[in-house]
Each structure stands twice: as C-alpha cells, then as structure tokens.
Amino acid sequence: MNTLIVILGPTGVGKSAISIDLAKFYSTDIISADSRQLFRELTIGTAVPSPGELQAVDHHFIQSRSIHHYYNVSEYETEAIERINELFKTKNPLILTGGSMLYIDTICKGIDEIPTVTPEIRQEVMDWHREHGLEALQQRLLALDPEYYAIADLQNSKRLLHAVEVCQMTGQTFTSFRTNTVRERPFRILKIGINQQRELLYHRINQRVDQMMEAGLLEEARSVYPYKDLNSLNTVGYKELFSYFDGTCTLDEAVDLIKRSSRKYARKQLTWFRRDHNIHWFEPDQVEQIIAFTQAQLKATK
RNA sequence: GGUGCCAUAGCUCAGUUGGUAGAGCAAUGGACUGAAAAUCCAUGUGUCCCUGGUUCAAAUCCAGGUGGCACCA
C-alpha cells in the first residue's frame, strides 16, 4: 500500500527543509498543504521554498493560483487527491507538507460535499447581515436550520453566514449536508509533527519576519496593495503592512504586529494538532530520526 | 542645587468624595466542514516603589526616602 507522509507543525518550525530532505531521500515529490503558498503573487511573506529547493524537488500546489481567483478547501481536496493518486502510480512514498490545518485534515479525512455558494447568494447574505446585524442573522439561521443553530458558534458570523447561504441556495438545511463521514483513502497516512520549545519557536518566528523584511517583503506587499480587500490577502505579513500603507500605524509597529500575528498563528496551529493523537512528534533537528522512523513504518506496511 | 509631575499586572495605563484593584495589548487554553495565515470563545493575586504617620479603614490623605521625567538655575 502506498504511503503519504504528512509533515506538519507550526509556522516557522522548519517543515520545508525537513520535507525536502525527506523527498530527496525517497526520490519523491512534495505536495503542499498551505493555503497561502498557493498564490503565485506571494513569495516572501508566505515563505515559499527557494528557487534552488523548488528545483531540487518537484513541488505541487506551490504558487499555482492567482490571488484574484476564488479558491476553497473543497477545490483543494479534489485537485490534491487527484494529483496524489496520479503520482502514486510512479512514486511511493509521497510527502504532504504544510501548516494549513484544515487542508491537511481534508486530505486525510475528506470533507463533506456541500454545494458551492454562488457569488450572488454570498453577496446577498453578506449585505443582509451588514444591514441587519448579528442577532438578526442568528434568528434567520434559527428559522432555516434550528438543528445547526443549536450547536453553532452564534458569535461567529462567518460560520452563521455560510450556513445561511447554503440553506438559502439549496432550500435544504445546512445540517443535511454535514454528514461528517471520514473518507477512506486508498493510501496509508503517516503523520510526522515537528515542534520545539515555545521560546525557541517564537525566537525563530521573530527572526524570520526580520529576514522577510530584509528580503523585500515591503515591496512585495506594496505590489499587491491595490487588491488588499481580496480574501487571499487577508494574510499575516500582508495585512499588517497594508495598515502601514494606509497610514494607520508606523512601519515598526507593522513589523511587530506581523511577529505577533505569526506567533498567534503558530499557537493556533498547535491547538489544532494537539487533539490529533496520530501524530508522531519530532524536533526540527531530528531529520535522521525521522527518516529512520519512516523507513521502519514503511517496511511494516509492505 | 531648586521647583513641578509621575511610580498600580510582562507592557501602556484606569482607579470617581479613603472601604485591600481593572481595561487594552501581550501571554495561555479552547472551538473549528467551501474565507482556515480566516473567524470565534474563554482565562486577570499584583510586595498598588519603600518607610513611617493620620484613620475603624490608605493604591487613594500627610511626611520623609528612593527612582524616573520635565522645567528653572
């Protein structure tokens, strides 16, 4: 049976380097599970691998989309699974790397099939919410789908919006689409988590932000500033610099803010990963141990 | 050297006419089904700078000390 080795961990911990070592060792490809490295207009702020690294190992779903095109997890699932199955015909194991928790879970477990909301419906529901407020949105959901209302995070307008959108568009309850079925994959999944002492991680993150600034993040952000309202640019490293361009904070403040947001993001990632007991954890400098571990695991599945 | 202002949570500061303290940020934990680097929720015991005094009671008033800032010499 083929094996997908998943390398996951908080931002800045060094997943890319480890994945590349691993890919070289197994002469295989890397599939990215990163919701921001996906965009070709973003390079520095999303820490995509260097040109040399990209040349050394074939990467998939890195800078393959434009920030101007709507993208979502479901689309990623379809594309990535298709690609993975294709690649398994000639390669094994494959490596999936990234920090986008939902993207990783989508590959590992699948995601329910919910009809994609049309831009018109989305706009309409959003406008309605803007006009009537959160409480009205809650009431609207209660009327459309009381079952989801009972379990929904009622303060989280994004969640409510989506549920309402789906009800509105399909004439069915949002709940009816939420079957929560785990999809069986025709390959084995081996999860490797990379983590290190919190203080060290924060230090690395802070340092990496400074390096990004030296590498020209400011200019990169300026080049996409005209499109700052795109969802794809609601992204750490860019939105903070947009505030600076807007004149609402100084450059130093913006850079500090990027560091803070990155740290928060790392923490959030760890919260998500913590509940997954199938992850085998390693430190960033344990590449050899990781290789040995995966070899042993691969042998066991043959 | 003189005068004035300030000293409260890791940081920036609130604290009403005295009744042993609370916001924002940070930090930490959690949730997560097509926006996910998004979005949402929860968590606040700290010699109220020190010493003495007044008072039933002091972060609060008084005196002195220490440190910082500003202005005048």
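Values in this document were obtained by computation on a predicted structure and should not be read as measured data. So that the names make sense, note that chain A is the first sequence line, chain B the second, and so on, each numbered from 1. Both backbone and side-chain heavy atoms feed into the values below; hydrogens, waters and symmetry mates do not.
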Short side-chain N/O contact from [X] to OP1 or OP2 of [N], under 4.0 Å:
X: K264(A); N: rA27(B); result: no
X: S100(A); N: rA36(B); result: no
X: Y202(A); N: rU28(B); result: yes
X: R260(A); N: rC25(B); result: no
X: Y103(A); N: rA36(B); result: yes
X: N231(A); N: rA36(B); result: yes
X: R122(A); N: rG34(B); result: no

Looking only at side chains, do R188(A) and T3(A) share a donor and an acceptor under 3.5 Å apart?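 There is no such pair between these side chains.
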Is there a donor in the side chain of S16(A) and an acceptor in the side chain of E53(A), or the other way round, less than 3.5 Å apart?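 E53(A) and S16(A) do not have a side-chain donor-acceptor pair below 3.5 Å.
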Considering only heavy atoms and no angle criterion, is a donor-acceptor pair shorter than 3.5 Å present between the side chain of K268(A) and the base of rU39(B)?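 Check passes, donor-acceptor contact within cut-off.
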To the nearest Å, give me how far apart [atom1] ([X]) and [atom2] ([N]) are.
X: E75(A); N: rU33(B); atom1: CD; atom2: C1'; result: 16 Å
X: R263(A); N: rA26(B); atom1: CZ; atom2: C1'; result: 8 Å
X: D256(A); N: rU12(B); atom1: CG; atom2: C1'; result: 14 Å
X: L257(A); N: rC11(B); atom1: CG; atom2: P; result: 20 Å
X: R198(A); N: rA27(B); atom1: CZ; atom2: C1'; result: 10 Å
X: R159(A); N: rA31(B); atom1: CZ; atom2: C1'; result: 7 Å
X: E253(A); N: rA26(B); atom1: CD; atom2: P; result: 13 Å
X: R178(A); N: rG34(B); atom1: CZ; atom2: C1'; result: 13 Å

For [N] and [M], measure between their [atom1] atoms and round to the nearest Å.
N: rA58(B); M: rG24(B); atom1: C1'; answer: 27 Å
N: rC32(B); M: rU39(B); atom1: C1'; answer: 9 Å
N: rG22(B); M: rG46(B); atom1: P; answer: 13 Å
N: rC50(B); M: rG67(B); atom1: P; answer: 15 Å

With the side chain of [X] defined as its heavy atoms from C-beta on, choose the nearest nucleotide among [options].
X: I114(A); options: rG34(B), rA31(B), rA36(B); answer: rG34(B)
X: R267(A); options: rU39(B), rU28(B), rA35(B); answer: rU28(B)
X: V73(A); options: rU39(B), rA31(B), rG34(B); answer: rG34(B)
X: T116(A); options: rA31(B), rG29(B), rG34(B); answer: rG34(B)
X: D112(A); options: rG34(B), rU33(B), rA36(B); answer: rU33(B)
X: R274(A); options: rU33(B), rC40(B), rG29(B); answer: rG29(B)

Using a 4.0 Å heavy-atom cut-off across all strands, classify [X] as base, sugar-phosphate, or nothing.
X: D105(A); value: nothing
X: F174(A); value: sugar-phosphate
X: N234(A); value: sugar-phosphate
X: T106(A); value: nothing
X: L161(A); value: base
X: E113(A); value: base

Test the R83(A)-F61(A) pair against the cation-pi criterion, namely NZ or CZ under 6.0 angstrom from the six-membered ring centroid and within 45° of the ring axis.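 Checked: cation-pi criterion met.
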Is NZ or CZ of R275(A) both nearer than 6.0 Å to the six-membered ring centre of W272(A) and within 45° of the ring axis?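 Geometry flag: set, cation within 6.0 Å and 45°.
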How do Y71(A) and Q155(A) order along RNA chain B: which one's closest nucleotide is nearer the 5' end?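 Here Y71(A) is the residue nearer the 5' end.
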Closest-nucleotide mapping onto RNA chain B: is T11(A) or D153(A) further toward the 5' terminus? I mean the 5' end.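 By nearest-heavy-atom nucleotide position, the 5'-most residue is T11(A).
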In this structure, is the centre-to-centre distance between the rings of F282(A) and F293(A) below 6.0 Å?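 Yes - the distance between ring centres of F293(A) and F282(A) falls below the 6.0 Å cut-off.
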Side-chain (K191(A)) to main-chain (D276(A)) donor-acceptor, under 3.5 angstrom: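 No, the answer is negative, given that no donor and acceptor are paired below the 3.5 Å cut-off.
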Please give the nucleotide sitting opposite rA36(B) as a Watson-Crick or G-U wobble pair, both distances under 3.5 Å, or none.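 Partner of rA36(B): none found under 3.5 Å.
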Parallel, tilted or perpendicular: ring planes of Y227(A) versus H68(A), cut at 30 and 60 degrees: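 Because their plane-to-plane angle is over 60°, the rings of Y227(A) and H68(A) count as perpendicular.
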Does the plane of the ring in Y225(A) sit parallel, tilted or perpendicular to the ring in F242(A)? Use 30° and 60° as the thresholds.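 If you compare the ring of Y225(A) with that of F242(A), the planes turn out tilted.
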Identify whether the glycosidic angle of rG34(B) places it syn (within 90° of 0) or anti.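 Classified syn.
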